[in-house]
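Please read the structure below before turning to the comments.
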Amino acid sequence: MSEFFTTVSSPIAYEGPDSDNPMAFRWYDKDRIVMGRSMEEQLRFAVCYWHSFAWNGADIFGAGTFDRPWTDAAMDPMDAARMKMDAAFEFFAKLGAPFYSFHDRDIAPEGATFAESCANLDDMVDIAEAKMAETGMKLLWGTAQAFFQPRYAAGAATNPNPDVFAHAAAQVKHCLDATHRLGGANYVLWGGREGYETLVNTDMGRELDQLGRFLNMVVQYKHDIGFDGTILIEPKALEPTKHQYDYDSATVYGFLQRYGLENDIKVNIEVNHATLAGHDFDHEVAQAVTNGIFGSVDANRGDDRLGWDTDQFPNSVESMSLGVYQILKGGGFDTGGFMFDTKLRRQSLARDDLFHGHIGAMDTLARSLLVAAALIEDGELDALVEERYAGWSSDEGQRILAGEVGLADLHARVLADNVDPAPVSGRQEMIENLINRTIERVR
Ligand code: XLS
Ligand code: NI
Ligand code: NI
């Protein structure tokens with residue numbers, strides 16, 4: 001296909017914070033070393049196929065607004081898939097993010113039969129493999145779209161009908177094979193419709209058992225084929241169902257433990273899914289790191305006053321720095337990365353708006369990385385937190401934690417010594433000012 005993004009000719013370059021060029025990076029300098037790794041390795045940016053290329057800008061009230069010729073229903077679906085893939089890889093190469101992610105049905109159309117769907121996917125994976133070799137692009141993760149088709153209206157793994165479970169299992173098997181073939185670093189399962197609308201027609205216990213069984217099958221198959229990427233669950237509190245089973249990181253951890261999966265599955269935390277669960281993004285990261293299940297991030301944000309997944313590009317260094325700080329404290333990304341599960345606004349209909357969205361998001365996260373690294377390297381924040389908990393290093397603190405004393409022992413000691421500790425300042429405002437000074441200072 002001829003060039004699609006004609007107004008952008010060369011890969012986006014780093015020009016530094018003083019640049020006024022809207023088509024340049026001001027903070028994302030991929031080779032710059034931050035805490036021992038290049039920015040490219042720390043951030044591991046990925047572009048999503050679905051919102052960026054498969055979506056034409058339609059919403060529930062209106063038709064598509066974007067200029068995406070391959071979404072024309074009159075086109076042969078496989079011709080359209082090939083045209084879309086040409087444009088997608090052109091975009092990836094020009095932007096300079098090292099990874100991308102897809103749902104099976106984003107890159108290849110569903111066929112009239114399951115066999116035809118598999119053949120379509122295999123054909124498109126051949127093309128993707130060649131384009132990856134040509135451009136050096138890597139796959140952050142693949143995932144099966146098991147929520148769009150009417151057959152999945154009552155869920156995939158949690159469906160009351162075992163044939164739907166079987167269909168979803170077959171689809172995931174094929175998509176995991178495709179992800180493996182393309183060298184995917186992870187495989188994601190977002191519980192699209194794994195939840196319910198009302199308990200009057202739902203057996204929650206059965207549905208959770210079905211989901212536990214499904215995920216055990218996925219883990220088993222991953223080992224069977226030697227896929228060494230990470231299996232990730234993407235928690236979401238609600239939407240499309242009223243009650244999603246994978247509510248948040250803590251809920252997912254409890255679920256994984258219950259079904260013996262806590263060592264085999266990690267989480268892909270989406271910034272706006274944290275918002276929908278009533279949490280801050282850094283809370284979700286810290287929760288996952290604490291439980292040893294932190295995997296990857298979908299970096300799209302929501303809107304404070306809209307209760308749905310608006311999938312906007314991240315643009316706040318203030319809020320993202322705190323999440324990146326928790327990620328770095330946890331050791332940084334292993335197989336995961338920052339994936340842009342982001343949508344342009346419906347009125348952003350110029351072809352190059354897709355560049356502006358990604359450039360701003362990559363710069364926001366690159367600058368957040370510098371802030372988080374500076375906070376860690378300065379050590380002031382750590383020292384304040386250390387000091388706050390210093391008492392736990394005392395003999396008494398250690399004996400409590402080691403299980404050497406119980407309620408009665410503590411009762412006796414508090415009684416005998418009249419233990420009456422004075423409260424101390426938590427220093428929140430002072431620390432918030434320290435963070436703001438760090439944001440102002442990093443270069
Ligand atoms: C939806 C999810 C979805 C997953 C991939 O809210 O974010 O896009 O990331 O299935
Ligand atoms: Ni997502
Ligand atoms: Ni989402």
Side-chain angles (χ1 to χ4, degrees), residues 1-5 46-56 64 66 68-95 97-152 156 166-190 192 218 221-222 224-227 229 339 341 354:
M1 189 182 96
S2 53
E3 207 179 350
F4 184 73
F5 295 99
V47 177
C48 92
Y49 217 93
W50 49 104
H51 298 316
S52 302
F53 302 100
W55 179 52
N56 67 1
F66 297 157
R68 304 277 187 270
W70 50 85
T71 60
D72 181 347
M75 274 188 88
D76 169 76
M78 283 300 283
D79 285 344
R82 283 185 285 265
M83 188 182 183
K84 189 197 317 184
M85 191 167 277
D86 284 341
F89 276 86
E90 182 195 329
F91 179 80
F92 300 155
K94 286 181 175 174
L95 179 67
F99 293 94
Y100 74 109
S101 293
F102 63 74
H103 296 90
D104 47 3
R105 302 298 177 249
D106 301 329
I107 62 169
E110 172 132 347
T113 60
F114 182 65
E116 197 178 307
S117 300
C118 291
N120 287 349
L121 185 61
D122 294 344
D123 285 355
M124 292 311 299
V125 167
D126 287 343
I127 300 177
E129 197 171 35
K131 285 186 179 288
M132 286 167 73
E134 193 183 300
T135 56
M137 284 300 293
K138 291 170 286 186
L139 180 63
L140 188 67
W141 45 266
T143 187
Q145 186 208 66
F147 47 83
F148 183 85
Q149 267 286 331
R151 76 171 68 87
Y152 293 128
H167 196 283
Q171 196 182 327
V172 167
K173 185 241 177 235
H174 207 85
C175 190
L176 192 48
D177 286 337
T179 302
H180 183 37
R181 202 179 129 196
L182 295 174
N186 306 273
Y187 183 84
V188 165
L189 296 121
W190 165 57
V218 173
Y221 188 68
K222 160 198 152 138
D224 291 347
I225 61 173
F227 175 66
M339 213 285 295
D341 190 354
L354 206 50

Problem - Inter-residue atom distance Cys48.SG - Asp106.CG, 0.5 Å rounding - result: 7.5 Å
Problem - Verdict with reasoning, Tyr187 to Lys222, per side chain to side chain contact (heavy atoms under 4.5 Å, CB included) - result: CA-CA 10 Å; Tyr187 183 84; Lys222 160 198 152 138; over 6 Å; no
Handout entry: Salt bridge present between Lys94 and Glu3 (N-O < 4.0 angstrom)
Key = yes
Exercise for the section: Verify ring-ring contact (aromatic ring centres under 6.0 Å, His included) between Phe66 and His51, making sure each step is shown before the conclusion. Expected result: CA-CA 11 Å; Phe66 297 157; His51 298 316; over 10 Å; no
Handout entry: Side-chain heavy-atom pair Leu354, Phe5 within 4.5 angstrom cut-off
Key = yes
Handout entry: Spacing of Phe53 atom CZ and Lys84 atom NZ [to the nearest 0.5 Å]
Key = 10.0 Å
Problem - Phe147 side chain reached by His103 side chain, heavy atoms, under 4.5 Å - result: yes
Exercise for the section: Kindly say whether Gly111 contributes a backbone atom to a donor-acceptor pair with the side chain of Ser117 at under 3.5 angstrom? Expected result: yes
Practice task
Go through the structure and list residues passing salt bridge (Lys or Arg N to Asp or Glu O under 4.0 Å) with Asp79, not counting sequence neighbours.
Solution key: Arg82
Handout entry: Nearest-0.5 Å distance that lies between atom CD in Glu90 and atom NZ in Lys131
Key = 9.0 Å
Exercise for the section: For the pair Trp55 (side chain) and Tyr49 (backbone), establish whether a donor and an acceptor sit closer than 3.5 Å, ignoring hydrogens and angles. Expected result: no
Exercise for the section: Verify whether one side chain among His167 and Tyr152 offers a donor that lies under 3.5 Å from an acceptor in the other. Expected result: yes
Exercise for the section: Using distance alone, with no hydrogens and no angle criterion, decide if His180 and Asp177 have a side-chain donor and acceptor under 3.5 Å apart. Expected result: no
Practice task
Taking atom types as modelled, find out whether Asp341 and Trp50 have a side-chain donor-acceptor pair closer than 3.5 angstrom.
Solution key: yes
Problem - Sub-4.5 Å side-chain heavy-atom contact between Met75 and Met83 - result: yes
Handout entry: Contact check, side chains of Met78 and Pro109, non-hydrogen atoms, under 4.5 Å
Key = yes
Practice task
Kindly indicate whether the side chain of Thr179, heavy atoms from C-beta on, has any atom under 4.5 Å from the side chain of Phe227.
Solution key: yes
Problem - Audit row: Phe4, Phe91, ring-ring contact (aromatic ring centres under 6.0 Å, His included) steps and yes/no - result: CA-CA 9 Å; Phe4 184 73; Phe91 179 80; 9.9 Å; no
Problem - Criterion side chain to side chain contact (heavy atoms under 4.5 Å, CB included) on Thr143 and Ser101, from CA distance to verdict - result: CA-CA 8 Å; Thr143 187; Ser101 293; over 6 Å; no
Exercise for the section: Heavy atoms only: give me the nearest Met132-Leu182 pair and the separation to one decimal. Expected result: CE-O, 3.4 Å
Handout entry: side chain to side chain contact (heavy atoms under 4.5 Å, CB included) between Glu134 and Phe89, worked out
Key = CA-CA 10 Å; Glu134 193 183 300; Phe89 276 86; over 6 Å; no
Problem - Asp72 side chain to Pro69 backbone, donor-acceptor under 3.5 Å - result: no
Exercise for the section: Calculate, to the nearest 0.5 Å, the distance between atoms SG and CZ belonging to Cys175 and Phe102 respectively. Expected result: 5.5 Å
Handout entry: Within 45° cone of Phe99 ring axis and under 6.0 Å: Lys138 NZ or CZ
Key = yes
Problem - Non-hydrogen side-chain atoms of Tyr100 and Leu139 separated by less than 4.5 Å - result: yes
Fill in the blank from the handout: Correct closest heavy-atom pair for Leu121 and His174 would be CD2-CD2, 3.7 Å
Handout entry: Arg181 and Asp122 ion-paired at < 4.0 Å
Key = no
Handout entry: More than 12 heavy atoms from other groups under 6.0 Å of CZ on Phe148
Key = no
Handout entry: Leu140 backbone acceptor or donor facing Asn186 side chain under 3.5 Å
Key = yes
Practice task
Walk me through it: do Arg151 and Glu110 pass the test salt bridge (charged side-chain N to carboxylate O under 4.0 Å, His left out)?
Solution key: CA-CA 13 Å; Arg151 76 171 68 87; Glu110 172 132 347; 2.9 Å; yes
Practice task
Would you check if there is a donor-acceptor pair between the side chains of Gln171 and Asp104 at a distance under 3.5 Å?
Solution key: yes
